[in-house]
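Order of listing sets the numbers, starting from 1, for every ligand and every atom in it. In this chain, residues are counted from 1 in sequence order.
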Amino acid sequence: MKIIDGKGLANQLKDELRLETDKLAKLGKRRPHLAAVLVGNNPASESYVRNKVRSCQQAGFESTLIRRPDDVAEAELLTVIEQLNSNNDIDGFIVQLPLPKHIDEQKVLLAINPDKDVDGFHPMNFGKMAQGMDAFLPATPYGILLMLEHYGIETSGKEVVVIGRSNIVGTPMSILLSRKAKLGNATVTLVHSRTKNLKIHTQNADIIIAAIGIPKFLTTNMVKDGATIIDVGINRVEDATRKSGYRLVGDVDYDGLAPKVEFMTPVPGGVGPMTVLGLMKNTMKAYLNN
Ligand code: NAD
């Protein structure tokens with residue numbers, strides 16, 4: 001089995017971005033600038049945003065972190081978004097999800113100027129993506145496409161099964177891989193919580209992308225020999241041997257599958273860092289459009 005080293009690839013691509021941004025700085029131009037809005041102090045969100053800020057530093061981007069407490073009023077959050085929309089020094093920004101229950105997430109995402117929507121969650125970008133138009137691709141599927149490309153994993157004519165139909169991972173991933181485009185042209189099956197006999201589909205797949213949120217959901221008997229496995233899941237499971245008391249695992253039985261598959265992403269160190277890289281690439285794109 002070959003490990004798809006998302007962490008290593010993300011570092012390599014961030015170094016390439018760094019060369020570009022240093023060149024801009026030498027020419028006296030400003031650097032790309034990403035802002036992140038973080039509401040509350042959910043530990044997972046804190047850690048994701050920390051990684052994003054660190055990656056900005058690595059790639060030579062400016063970054064701004066805007067924090068609001070858990071009980072922030074929806075109207076105040078919308079004002080923050082308005083300010084970011086009209087601030088010409090900010091090329092792109094994200095609102096870290098999930099938001100507290102009293103805030104309408106859809107309303108917040110719709111308020112983001114699509115030209116600054118570097119997470120690629122706005123329906124304008126989603127629609128453009130679905131129609132093959134130029135758009136900010138959702139960061140996680142974008143990062144996955146870059147991994148498949150780098151490792152020379154063919155998608156054209158392949159059977160792909162995407163498990164999970166979220167708006168940010170499963171659904172856009174299925175659209176991107178079935179498009180008539182480079183890194184597309186696959187026959188894609190999207191399976192989800194209401195799929196009957198899911199195994200029938202996964203057993204036939206050349207590539208499986210698991211985005212469910214259930215540890216070790218995908219097991220050896222569900223996968224054919226030589227398949228490629230992309231594990232999007234990030235699940236915290238208790239682990240008394242760790243100082244933190246937990247460790248991160250994906251949605252697939254990594255150890256069980258390792259002898260059987262051709263390529264697989266680890267968790268951590270696979271899709272996670274490439275999602276941040278997707279975000280960095282989108283920010284660079286926003287900068288160049290700005
Ligand atoms: P989600 O949590 O919004 O939804 C889960 C999906 O899984 C649903 O579409 C549901 O239909 C499907 N599902 C649930 N139970 C199922 C079952 N028994 N059989 C088949 N399908 C089932 O999805 P999400 O936001 O895409 O997150 C999925 C996982 O990916 C989570 O662990 C999340 O933390 C992780 N994630 C990781 C990254 C990354 O950068 N690595 C990015 C986003 C999400």
Please state which protein non-hydrogen atom is closest to atom 33 (C) of ligand 1 and give its distance, to 0.1 Å? Ile234 N, 4.2 Å

Closest approach of Glu105 and Leu99, non-hydrogen atoms and distance? OE2-N, 3.1 Å

For atom 25 (O) of ligand 1, which candidate among Ile144, Asn167, Asn235, Ile168 provides the closest heavy atom? Ile168

Just do the salt bridge (charged side-chain N to carboxylate O under 4.0 Å, His left out) check on Lys26 and Asp22 with the steps written out, would you? CA-CA 6 Å; Lys26 274 202 195 99; Asp22 283 352; 5.9 Å; no

Partner of His33 under side chain to side chain donor-acceptor pair (under 3.5 Å), chosen from Asn88, Asn87, Thr64, Asp89: Thr64

Under 4.0 Å from any heavy atom of Gly272, which atoms of ligand 1 are there? 40 (O), 41 (N)

Where Tyr254 and Met1 come nearest, the two heavy atoms and their spacing: OH-CE, 3.5 Å

Work out whether the distance between some heavy atom of Gly170 and some atom of ligand 1 is less than 4.0 Å. no

Where does Thr140 meet ligand 1, judged by heavy-atom distances below 4.0 Å: at the side chain, the backbone, both, or neither? side chain

Of Ile230, Val232, Leu145, which is the lone residue that meets side chain to side chain contact (heavy atoms under 4.5 Å, CB included) with Met173? Leu145

Under 4.0 angstrom from ligand 1, any heavy atom of Thr195? no

My understanding is that only one of Asp91, Thr283, Val53 makes a side chain to side chain contact (heavy atoms under 4.5 Å, CB included) with Phe61; could you say which? Thr283

Looking at ligand 1, is there an atom of it that comes within less than 4.0 Å of some heavy atom belonging to Val191? no

May I ask you to identify the nearest protein heavy atom to atom 37 (C) of ligand 1, giving residue, atom name and distance to one decimal place in Å? Val232 O, 3.0 Å

Can you find a protein heavy atom under 4.0 Å from atom 18 (N) of ligand 1? yes

Quickly, which of Leu183, Ile207, Ile209 forms a side chain to side chain contact (heavy atoms under 4.5 Å, CB included) with Leu177? Name it, please. Ile209

Just which atoms of ligand 1 are under 4.0 Å from any heavy atom in Gly164? 6 (C), 7 (O), 9 (O), 12 (C)

How long is the span from the CD atom in Gln58 to the CG atom in Asp15, to the nearest 0.5 Å? 6.5 Å

Residue selection (non-hydrogen contact nearest atom 43 (C) of ligand 1) among Val169, Thr275, Thr171: Val169

Nearest heavy atom to atom 15 (N) of ligand 1 wins, so pick from Ile212, Asn51, Leu198, Leu190. Ile212

Closest to atom 31 (C) of ligand 1 among protein heavy atoms sits Gly213 CA, 3.7 Å

Select the closest option to atom 8 (C) of ligand 1 among Arg165, His192, Met274, Arg194, judged by heavy-atom distance. Arg165

Those atoms of ligand 1 less than 4.0 Å from some heavy atom in Ala211: 6 (C), 7 (O), 28 (C)

Steps toward salt bridge (charged side-chain N to carboxylate O under 4.0 Å, His left out) verdict (Glu46, Arg67): CA-CA 10 Å; Glu46 291 266 2; Arg67 284 176 170 275; 2.8 Å; yes

What pair of heavy atoms forms the shortest contact from Leu84 to Lys116, and how long is it? O-NZ, 2.8 Å

Tell me if a side-chain donor or acceptor on Thr155 pairs with a main-chain N or O of Gly184 at a distance below 3.5 Å. yes

Between Asp251 and ligand 1, does any nitrogen or oxygen pair lie at a separation below 3.5 Å? no

Run the numbers for me: atoms of ligand 1, each under 4.0 Å from some heavy atom of Ser166, listed by number. 3 (O), 9 (O), 23 (O), 24 (P), 25 (O), 26 (O)

